[in-house]
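Okay, so here's the structure we're looking at.
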Number of protein chains: 2
Amino acid sequence: MSLPHAILTALLEKPSSGLELTRRFDRSIGYFWSSTHQQIYRELGKLEEAGRIRALPTATPARGQKKEYEVLPAGREELAAWVALPEDPRPVRDPLLLRMRAAAVVGASGMGAELRRHLALHERQLAEYREIEERDFTPAPTTDEGRLRYLVLRGGIDLETFWIGWLTRAIADLDG
Amino acid sequence: MSLPHAILTALLEKPSSGLELTRRFDRSIGYFWSSTHQQIYRELGKLEEAGRIRALPTATPARGQKKEYEVLPAGREELAAWVALPEDPRPVRDPLLLRMRAAAVVGASGMGAELRRHLALHERQLAEYREIEERDFTPAPTTDEGRLRYLVLRGGIDLETFWIGWLTRAIADLDG
DNA sequence: GGAACCATGTAAAAAGTTACATGATTTG
DNA sequence: CAAATCATGTAACTTTTTACATGGTTCC
């Protein structure tokens, strides 16, 4: 239920075309709510039909032609209402932890290499977050908006740090 | 693509009926791969049809009658093959981090209370994990199976610890 | 004019959620 | 025997994923 809200947020940050949104769902906003271009185009259509966003009149509405969207007041209200709504954390669904549990039953051959591979991936992601931190949040932000965005980034940093710590320990445990 | 494997793992740990599986998906295995009874029954049907599991002949196959399943060799092989397969971490999709990012744009009214609510939920979950740790993994397990299962539990513990740390910091940041 | 890429989509299938249905067993 | 609970399912819907389709623009 959150994809439309992710899109509204991204469009409020900056009016964009579908492809631009897709690119931002591969970095920025997509670090916390991932999506594909197919889902994004479909959802843009729904949001437009529902009167939450509109296509800027700059472009002709033909296939293959760029179409920019901006958020309408109804869209901003909808987003503000969603932000105010309580919502429980999602139950965890993690394939690696599940795989480890399965490995406890059928044997853990090859798990070591897989854990090291994941460790490298998480280290790369952490490095990316650190770059963003240095580029966008040094010195520390002073506005409310900046502080909130920094908190979100730190969520990503802490999450990757958790994975790196756990994986490192798991690798040591399996070897020793 | 992991639900059938979660079920195979659970059934290898202990042959069960659909409802027993459902209960275990509310604690144990479900801490890392959550599911509902509807999905579980549907998947049990598919797994049986595919020859990965079979119903124990103890019970009559009538509606409302308990039906116990056990894993067949083909199911164990399938699970072992899946464990050996590399698979990238899922892209993150977290509603709270997304909501925080939206709050940076439309204002963060009420976020403080919501963060405190989440903090309490994660503290409860951590306490539950700690109980399991004390009950099942003290003293430290010596078998490979035990050590792997303990690693999975520590994954849960570390994950909750991450949330508690981040939420605590976020609450302080918002107030200050 | 062909290749590469920009840009927007459609279609179908799989996975997950929500609401409801139904029979069996236990317990007051 | 009524209510609660155990136990297994069906149906409809939403969300997500995967594969494919199509037109426009740029650059060699």
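Because the structure is a prediction, the values reported are computed rather than measured. Within every chain, numbering begins at 1; the chains are lettered A, B, ... in the order of the sequence lines, protein sequences first and strands thereafter.
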Steps toward salt bridge (charged side-chain N to carboxylate O under 4.0 Å, His left out) verdict (Glu133(B), Arg130(B)): CA-CA 5 Å; Glu133(B) 186 180 28; Arg130(B) 289 292 186 201; 3.0 Å; yes
[X] side chain, from C-beta outward: closest of [options]:
X	options	answer
Leu3(A)	dT16(D), dT8(D), dT8(C)	dT16(D)
Gln39(B)	dT18(C), dG16(C), dA7(C)	dG16(C)
Ser17(A)	dT8(C), dA7(D), dC6(C)	dT8(C)
Leu19(B)	dT15(D), dT18(C), dA7(D)	dA7(D)
Arg42(A)	dG9(D), dT17(D), dT18(D)	dT17(D)
Arg23(A)	dT8(C), dT8(D), dC6(C)	dC6(C)

Nearest-Å distance for atom pair [atom1]/[atom2], residues [X] and [N]:
X	N	atom1	atom2	value
Glu87(A)	dT17(C)	CD	P	12 Å
Phe25(A)	dT17(D)	CZ	P	12 Å
Glu20(B)	dC6(D)	CD	P	12 Å
Leu44(B)	dG9(D)	CG	C1'	11 Å
Ile7(A)	dT16(D)	CD1	P	10 Å
Glu48(A)	dT8(C)	CD	C1'	13 Å
Leu21(A)	dT8(C)	CG	C1'	13 Å
His37(A)	dC6(C)	NE2	P	13 Å

Between [X] and [N], is there a contact of a side-chain N or O with OP1 or OP2 at under 4.0 Å?
X	N	answer
Gln38(A)	dT17(D)	no
Lys67(A)	dG9(C)	yes
Tyr41(B)	dG9(D)	no
Lys46(B)	dA14(C)	no

side-chain hydrogen bond (donor to acceptor under 3.5 Å, both in side chains) assessment of Arg101(B) paired with Ser28(A): CA-CA 10 Å; Arg101(B) 176 110 175 206; Ser28(A) 182; 2.5 Å; yes
Residue whose nearest DNA chain D nucleotide is more 5′ - Arg90(A) or Tyr69(B):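 By nearest-heavy-atom nucleotide position, the 5'-most residue is Tyr69(B).
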Side-chain donor or acceptor of Trp166(A) paired with backbone N/O of Leu151(B) under 3.5 Å: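 Between the backbone of Leu151(B) and the side chain of Trp166(A) there is a qualifying donor-acceptor contact (under 3.5 Å).
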Side chain to side chain, Trp33(B) and Leu3(B), heavy atoms closer than 4.5 Å: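 In short, these two side chains touch, coming nearer than 4.5 Å.
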Glu114(A) bridged to Arg117(A) by N-O distance under 4.0 Å: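 Looking at Arg117(A) together with Glu114(A), the answer is yes, because their closest N to O distance falls below 4.0 Å.
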